[in-house]
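Below is one structure, written out as structure tokens; the observations come after it.
The analysis underlying the following values was restricted to heavy atoms, covering all of them including side chains, and did not include hydrogens, waters or symmetry mates. Counting starts at 1 for both ligands and their atoms, following the listed order.
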Amino acid sequence: MSAPVTVPGLDQAPTAHPKLLAWVREVAELTRPDRVVWCDGSEGEWRRITDELVDKQVLVRLRQKPNSFWARTDPSDVARVEERTFICSADEADAGPTNNWMAPAEMKQVMTELYDGSMRGRTMYVVPFCMGPLTAEQPMFGVELTDSPYVVASMRIMTRMGADVLDRMGADASFVPCLHSVGAPLAPGQDDVAWPCSDTKYISHFPDSREIWSYGSGYGGNSLLGKKCFSLRIASVMGRDEGWLAEHMLILKLTGPSGQVKYVAAAFPSACGKTNLAMLEPTIPGWKVETLGDDIAWMRFGADGRLYAVNPEFGLFGVAPGTDWKTNPNAMRTLAKGNSVFTNVAMTDDGDVWWEGMGEPPAHLTDWKGRDWTPDSDEPSSHPNSRFCTPIEQCPILADEYADPRGVPIDAILFGGRRKTTIPLVTEARDWTHGVYLGATLSSETTAAAAGKVGVVRRDPMAMLPFIGYNAGDYFAHWIGMAKAGDAAKLPRIFYVNWFRRGDDGRFLWPGFGENARVLKWVVERIEGTAAAVETPIGRVPAPGSLDVEGLDLTAEDLALALRVDADEWRAEVPQVVEWFERFGDKLPSVLWAELDGLKARLDAA
Ligand SMILES: Nc1nc2c(ncn2[C@@H]2O[C@H](COP(=O)(O)OP(=O)(O)OP(=O)(O)O)[C@@H](O)[C@H]2O)c(=O)[nH]1
Ligand SMILES: O=C([O-])CC(=O)C(=O)O
Ligand SMILES: [Mn+2]
């Protein structure tokens, strides 16, 4: 046991919450920071922290965007580390076959040794935050203790953070304790590096006690603990226990030409198009999209039996490359307002940001590793997982309902992945169970959003593979069971989309982006019963002529290829699904095996 210590700031707590006070003291005594700062989320605090980061050359102030900054990480610390992410449930079976597991006591012992003195020479910030509106009946509080001022600045953008939260917490609200250290203590007089981190990394979750311990990485998904760690991994466990869903989904509001409004949630794996769809500018006249969320949806049934979704986040943490005035003008408008942090993109000579996909590159840039870059350089100027972090309230098409703690009633759920072959542009599930089957067997090619090989097809159920905080077999059963909790007639309809199918020559068959509004239109017309579909072994696809392609520059052949259901390709998929399902043993709901049997029978008859 460490003796009680005096740490400047530790006792200046603007709260009387005994549990919070005790925990902050305990962590300070373990990690030994030079001082403790209780964050109030104010403008002045933001200025102090960003000024200090600019002084230390961790951030560069952008001259072309107001109150915005350029950050470069250590080249080794650029993405989520799934290999180092752990679900430490008391019972190993509760983590299931898709998660890394270690016993909670063992993990705590390992990490306590790592945290011992890990904040020496640094400031420990206390960041009180709330996921979802503070006006919710039961606000979802978290407190992150971190030795990274970059994390504090980013948390202020991504969450509702600061004094209001602490006030609302009072003296007894429960909160999720989130401990984060970059794992790079400084000896007296030792110079700091621009991006401290450690080769040893652990992103650990304790679902039984609802705690998060993160060590060694400063990168977004590993360090902004309100996001993937709390709002998906821990919240999915809360949802299992309390009868709701925490999902990796965007939320959008779609208004059609006759004024009809539909709310759509869509789950695509990381770097597979959520932010783009959430901010879509429809190419078809009379249709309008408004944004509610671009990454996470918490969904629960309302008293009226409908499924309501809330976006727990306060900012956008979007993939930079590919974002441009043509593909996502609303993101560009959001960023133009400033107040943003850009990480691992390139900087122009006049102090703006640049990344691949923005059109003609300038003659000279500073690349994400800080080197001179010209169009002749061998490597891209920006890391493929470089990100913008920007306030969602700056989004010019943010829907009014965003701030409503009741959320919006979801009419359709889309599942989607990145597949070069096999998966058609859009398929409608026959019913809820079939929809859950489509989600449970979702597959996608891996992207740069996680460390590891890119382009490998893997199953990514509901786009939640790296984010389900418990046994995925139980998670499927939870999804199936949701049908009973709600009003069956009012359940969202489920669809499966793929914007990424390619021709033999490697080009995308479907133009995507704003043109995806045409698929949304078909979805709405299916719900309203006005669009035709054909039954296929895998589900319902648009009948010829039912997908609006008027004015679209797309050959009939490419459209047919994008929509095609090829029985041979699907027969090849079946053994992969069998192998996938077998991993869950008797945890897999038998209705999913029955769905697979049905598919096999239909393919045999095809
Ligand atoms: N071809 C094609 N590419 C797309 C489409 N939508 C998005 N992309 C590209 O896919 C990449 C990722 O898109 P995002 O919208 O940022 O993906 P995301 O799902 O929000 O990613 P995370 O923030 O990691 O969860 C970007 O490079 C986009 O340009 C589309 O409809 N067609
Ligand atoms: O979590 C992150 O670091 C970024 C992100 O949104 C994802 O990878 O899905
Ligand atoms: Mn995104």
Side-chain angles (χ1 to χ4, degrees), residues 73 77-82 85 151 154 158 203 214 217-233 247-250 252 266-281 283 291 293-297 311 313 315-324 326-328 330-332 343-344 355-358 380 382-390 392 414-420 425-426 444-452 454 460 463-467 497-502 506-520 562:
T73 71
D77 195 21
V78 294
R80 285 182 292 102
V81 283
E82 294 181 4
T85 300
V151 166
S154 305
M158 294 306 298
I203 318 298
S214 169
S217 170
Y219 173 78
N222 305 324
S223 69
L224 311 179
L225 303 185
K227 193 173 178 55
K228 301 303 208 276
C229 299
F230 179 168
S231 293
L232 289 178
R233 298 197 190 94
E247 296 298 326
H248 192 201
M249 291 180 180
L250 67 93
L252 64 81
F268 310 152
S270 299
C272 292
K274 287 183 300 300
T275 301
N276 276 272
L277 190 68
M279 301 175 103
L280 168 143
E281 211 162 62
T283 51
T291 308
D294 83 320
D295 199 48
I296 298 177
N311 170 16
E313 300 195 276
L316 307 166
F317 189 65
V319 178
T323 307
D324 165 50
K326 280 209 202 75
T327 55
N328 192 347
N330 287 314
M332 299 303 279
T343 302
N344 289 339
W355 48 72
E356 277 63 33
M358 263 202 197
S382 304
H383 188 275
N385 192 40
S386 54
R387 298 267 167 174
F388 54 78
C389 180
T390 194
I392 196 169
L414 315 186
F415 292 120
R418 184 183 280 271
R419 286 291 302 270
K420 292 188 176 78
L425 181 62
V426 57
S444 196
E445 292 144 18
T446 50
T447 67
V454 167
D460 191 341
M464 282 283 283
L465 179 70
F467 308 121
V497 300
N498 178 23
W499 317 139
F500 299 93
R501 202 172 191 180
R502 299 193 191 223
R507 101 213 112 79
F508 291 115
L509 290 167
W510 177 252
F513 302 103
E515 305 294 1
N516 293 334
R518 298 170 187 275
V519 174
L520 294 179

ask   = Counting only heavy atoms, which portion of Arg502 has something under 4.0 Å from ligand 1: side chain, backbone, both, or neither?
value = neither
inquiry  = Regarding ligand 1, does Phe268 bring an N or O atom to under 3.5 Å of one of the ligand's N or O atoms?
reply    = no
Leu250 side, atom CG; Thr291 side, atom OG1 - distance, nearest 0.5 Å = 9.0 Å
message = Using a 4.0 Å cut-off to any heavy atom of Lys227, which atoms of ligand 2 qualify?
response = 6 (O)
message = I need the Leu425 CG to Leu509 CG distance, nearest 0.5 Å.
response = 9.5 Å
query = Which residue and non-hydrogen atom of the protein lie closest to atom 5 (C) of ligand 2, and at what distance in Å?
reply = Lys228 NZ, 3.1 Å
ask   = When you measure from the centre of the six-membered ring of Phe467, is the NZ or CZ of Arg233 under 6.0 Å away and within 45° of the axis?
value = no
query = Identify the closest protein heavy atom to atom 3 (O) of ligand 2: which residue and atom is it, and at what distance?
reply = Gly221 N, 2.8 Å
query = N/O of Phe513 under 3.5 Å from N/O of ligand 1, yes or no?
reply = yes
key: Pair Asp77-Ser217, side-chain donor/acceptor within less than 3.5 Å   = yes
Ligand 1 contact on Asp295 by region, counting heavy-atom pairs under 4.0 Å = side chain
ask   = What protein heavy atom sits nearest atom 8 (O) of ligand 2, and how far off is it?
value = Arg80 NE, 2.9 Å
key: Numbering as shown, the atoms of ligand 1 that approach Arg418 to under 4.0 Å (heavy-atom distance)   = 10 (O), 11 (C)
task = Number the atoms of ligand 2 from 1 as they appear, then name those within less than 4.0 Å of a heavy atom of Arg387, with their elements.
result = 4 (C), 5 (C), 6 (O), 7 (C), 8 (O)
ask   = Got an N/O contact under 3.5 Å between Cys272 and ligand 1?
value = yes
query = If you measure from each non-hydrogen atom of Phe508 to ligand 1, which part falls under 4.0 Å: side chain, backbone, both or neither?
reply = side chain
inquiry  = Starting from atom 23 (O) of ligand 1, what is the nearest protein heavy atom, named by residue and atom, and what distance separates them?
reply    = Arg387 NH1, 2.8 Å
query = Among Thr447, Asn328, Asn276, whose heavy atom sits nearest atom 14 (P) of ligand 1?
reply = Asn276
ask   = Among all protein non-hydrogen atoms, which one is nearest to atom 9 (O) of ligand 2, and what is the separation to 0.1 Å?
value = Ser270 OG, 2.4 Å
task = Would you please say whether a donor-acceptor pair under 3.5 Å links the side chains of Ser386 and Asn344?
result = no
query = So is Gly318 close enough to ligand 1, meaning a heavy atom under 4.0 angstrom away?
reply = no
query = Would you say Ser270 reaches the Mn ion (ligand 3) with an N/O/S atom under 2.8 Å?
reply = no
key: Flag side-chain contact, heavy atom, 4.5 Å: His248 against Leu232   = yes
